[in-house]
Amino acid sequence: MTTALTQGLERIPDQTGYLVISEEGVLASAGELENDEHTAGVIMQMVRTACRFRLHGTAEPPFKRMSVMFEDYVYAVTISGQKVFVVKRQNNQREPVIV
Amino acid sequence: MGCCFSSDSETSQQNEEVKPLIPDPNLNKIPTNGSDRNADSLLSSRTDEQALLTTILQRTALNIIDVSAVDSQGMEQHEYMDRARQYSSKLEVLSRTLSQKKPVPLPSLSSQPHQVLAADLVSNADVQQVSKIAAYAYSAISQIKVDAKEDLVVQFAIP
């Protein structure tokens, strides 16, 4: 079952690691996020907080993906089937240089 | 707790406050037979005045909250223990119902997690715009302050 989950994550362009987290703990991890329980814990807290936001009294959380953006990389996070998926991707976007 | 303002008895209060303390001497012109009559009416108006003053004082004492009074009224030991017991039993009942609450389950944000995660990242322009908006919001919030125009605690005194 974990291979089905992780196969799709492996193929994500410019990914450098991923985590699959459930309520009980880390189900799978790889790359730079391998065995990174600390990051898993922090991201779980962040995504739980984000899920409490509501727009104009709607019933569901108002987002599909949460991005934690740093200078050179991004943690992209989403939830599906009671599991939190985290992928670390390189942030290659650069400011256009105005000459 | 007393109340600082009450509009319930507005009309009656107003009447009492504007009611003259000494009855208008020009009003009821009673034909006087001698000085005795005058003394009597003066005495009765004095007691009226006293009664009026007392009522005003009583009402003020009821409505004023003296914040400078440091020492509390003080409760008897048994009353204190009774209340402590009441409160702790109430807390017990509440804590029982609180611990039974189940943690909120994770909502599902997508049925295609891989697709969502592989999609284009947030553009730099968007990130900069959000950062700017957040900075404005932070600046606005940090400027919220209390505009203290008067003293919060004043001495209640007749000038």
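Order of the sequence lines sets the chain letters (A, B, ...), proteins ahead of strands, with each chain counted from 1. Note that the structure is predicted; figures quoted are calculated from it, not measured.
- In this structure, Phe70(A) places its CZ atom where more than 12 heavy-atom neighbours from other residues, nucleotides or ligands lie under 6.0 Å away.
- Rounding to the nearest 0.5 Å gives a distance of 10.0 Å between CD1 of Ile21(A) and CG of Leu106(B).
- Met44(A) and Phe85(A) fall into different hydrophobic clusters, where Ile, Leu, Val, Met, Phe, Trp and Tyr residues are linked whenever their side-chain heavy atoms come under 4.5 Å apart, directly or through other members.
- In this structure, Glu37(A) places its CD atom where only 12 or fewer heavy-atom neighbours from other residues, nucleotides or ligands lie under 6.0 Å away.
- In plain terms, the two heavy atoms of Ile79(A) and Pro107(B) that are nearest each other are CG2-O, 3.1 Å.
- The greatest number of non-hydrogen atom pairs below 4.5 Å with chain B, out of Arg48(A), Gln82(A), Arg65(A), is found for Arg65(A).
- Contacts between Ser111(B) and chain A at a heavy-atom distance below 4.5 Å involve the backbone alone (N, CA, C, O).
- Cluster annotation: Leu9(A) is not connected to Val26(A) through the hydrophobic network of ILVMFWY side chains, with a link wherever side-chain heavy atoms come within less than 4.5 Å.
- Glu10(A) does not touch chain B: none of its heavy atoms, backbone or side chain, sits under 4.5 Å away.
- Scanning all heavy atoms of the two residues, the minimum distance from Ser110(B) to Lys64(A) falls at CB-CD, 4.5 Å.
- Of the listed residues (Asn124(B), Val130(B), Val122(B), Asp126(B)), just one forms a side-chain contact (heavy atoms from CB on, under 4.5 Å) with Met69(A), and that residue is Val122(B).
- The most heavy-atom pairs under 4.5 Å with chain B, out of Glu60(A), Arg52(A), Arg11(A), Glu23(A), come from Glu23(A).
- In this structure, chain B has no heavy atom under 4.5 Å from any part of Tyr18(A).
- By the 6.0 Å contact criterion, CZ on Arg46(B) is open, its count of non-hydrogen atoms from other residues, nucleotides or ligands being 12 or less.
- Two different hydrophobic clusters hold Val68(A) and Val127(B) under the rule that ILVMFWY side chains link at heavy-atom gaps under 4.5 Å.
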*Step by step, work out the side-chain contact (heavy atoms from CB on, under 4.5 Å) result for Thr78(A) and Gln115(B).*
CA-CA 10 Å; Thr78(A) 190; Gln115(B) 210 173 334; over 6 Å; no
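- Neither the backbone nor the side chain of Met66(A) comes within contact range of chain B; no heavy atom of the residue lies under 4.5 Å from a heavy atom of that chain.
- Val87(A) is not connected to Leu33(A) by any chain of hydrophobic side-chain contacts under 4.5 Å among Ile, Leu, Val, Met, Phe, Trp and Tyr, and they are in different clusters.
- Residues Pro61(A) and Leu109(B) form a side-chain contact, since some pair of their non-hydrogen atoms from C-beta on lies under 4.5 Å apart.
- A chain of hydrophobic side-chain contacts below 4.5 Å, direct or via other Ile, Leu, Val, Met, Phe, Trp or Tyr residues, connects Tyr75(A) to Val47(A).
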